[in-house]
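Side chains are part of it too, since the values below use all heavy atoms of this structure and drop only hydrogens, waters and symmetry mates. None of the values given here were measured: they were computed from a predicted structure.
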Amino acid sequence: MSGVDDVPHDVDLHRVWVGVAAQVWRRRPGPVERAARRLLRSPGLARALVTTPSLLLGWVIATAVVLAAGLLATRATGTPFVALCAPGIAAAGIAYAYGPGVDPAWELSRSVAVSDRMVLLVRALAVFGLNAALGLAASAASGTATAVTVGWLVPMTAVCALALAAATVARSANVGVAAGLAGWVITVLSGQIAAGRLTAAVTDTTLRLPYLAFAGCCALIVGHATRISRGSS
């Protein structure tokens, strides 16, 4: 019976993987990548952007399907499920935007003459922007009040920052997703208990400053963690 002992011990599997990934990395740029090159003025950064795991077609379709389901549920019940779901969905996308274990171009992106922070920033902004656009479209189509439609953008920033900080520090996208989703669920339930409304987490304007302050603290953690990671590599 074949097993682990049958694998030749003189084969460097990591080197083989890097060689295969290098072939993928050298593929011809498509129209999106060419546009990113012109915008970012960096071929390496453009390639790192278009290989973002949570910007791939399958992930985008899954995000759109979840938001579409929230749109239908909102129209059927009157509860703004899009506004309540969008921050958690975006947090998951942010957590899976960059890092070992989820990014097929992780090793190669670290060898690009661009800092980890820049790759992380560009990918995070792209994922955030796409999720915000999809969420706004779904929320507006659901016919909910304007305050609810745009009110979740600030808490979405805080939840995404939490997920990114957790994923960066733990070097695990799963930890980031768990932290982001848990934080948002606790926030929504706490708002319901305190104000008696499920939508308090996205409609209470007094929470916006704490959301932004928390997001700023998480951003500092991300910056510190990436500096340490780069220095130890």
With a 4.5 Å cut-off on side-chain heavy atoms, are [Y] and [X] touching?
X: Leu55; Y: Val50; result: no
X: Thr168; Y: Ile221; result: no
X: Leu125; Y: Leu121; result: yes
X: Leu136; Y: Leu153; result: yes

Could you pull out the closest heavy-atom pair between [X] and [Y], with the gap in Å?
X: Ser54; Y: Gly93; value: OG-O, 2.7 Å
X: Gly135; Y: Leu67; value: N-CD1, 3.7 Å
X: Ala141; Y: Arg75; value: O-NH2, 2.7 Å
X: Ile94; Y: Ala124; value: CD1-O, 3.3 Å
X: Phe128; Y: Cys160; value: CD1-SG, 4.0 Å
X: Val82; Y: Thr74; value: N-OG1, 3.5 Å

Counting only pairs under 3.5 Å, give me each side-chain donor-acceptor contact of residues 173-194, with atom names and distances, residues two or more places apart or in other chains.
residue: Asn174; atom: OD1; partner: Tyr96; partner atom: OH; Å: 2.2
residue: Trp184; atom: NE1; partner: Leu84; partner atom: O; Å: 2.7
residue: Thr187; atom: OG1; partner: Gly183; partner atom: O; Å: 2.8
residue: Ser190; atom: OG; partner: Ile186; partner atom: O; Å: 2.7

Do [X] and [Y] sit in one hydrophobic cluster, given that two such residues count as connected whenever their side-chain heavy atoms are within less than 4.5 Å of each other, even indirectly?
X: Met156; Y: Leu207; answer: yes
X: Ile89; Y: Val202; answer: yes
X: Phe214; Y: Leu212; answer: no
X: Val127; Y: Leu130; answer: yes

With Phe81 via ring-ring contact (aromatic ring centres under 6.0 Å, His included) - residues at least two apart: none
Between [X] (side chain only) and [Y] (backbone N and O only), is there a donor and an acceptor less than 3.5 Å apart?
X: Ser142; Y: Ser139; value: yes
X: Asp204; Y: Ala200; value: no
X: Arg123; Y: Ala97; value: yes

Pairwise distance OH(Tyr211) to OG1(Thr206) - rounded to 0.5 angstrom: 9.0 Å
Within this structure, what is the CD-OG1 distance for the pair Glu33 and Thr51, rounded to the nearest 0.5 Å? 8.0 Å
How far apart are the C-alpha atoms of Leu49 and Leu45, what are their side-chain angles, what is the distance that settles it, and do they pass the side-chain contact (heavy atoms from CB on, under 4.5 Å) test? CA-CA 6 Å; Leu49 174 61; Leu45 192 56; 5.9 Å; no
Could you go through the side chain to side chain donor-acceptor pair (under 3.5 Å) check for Thr157 and Arg208 one step at a time? CA-CA 10 Å; Thr157 303; Arg208 292 180 182 177; over 6 Å; no
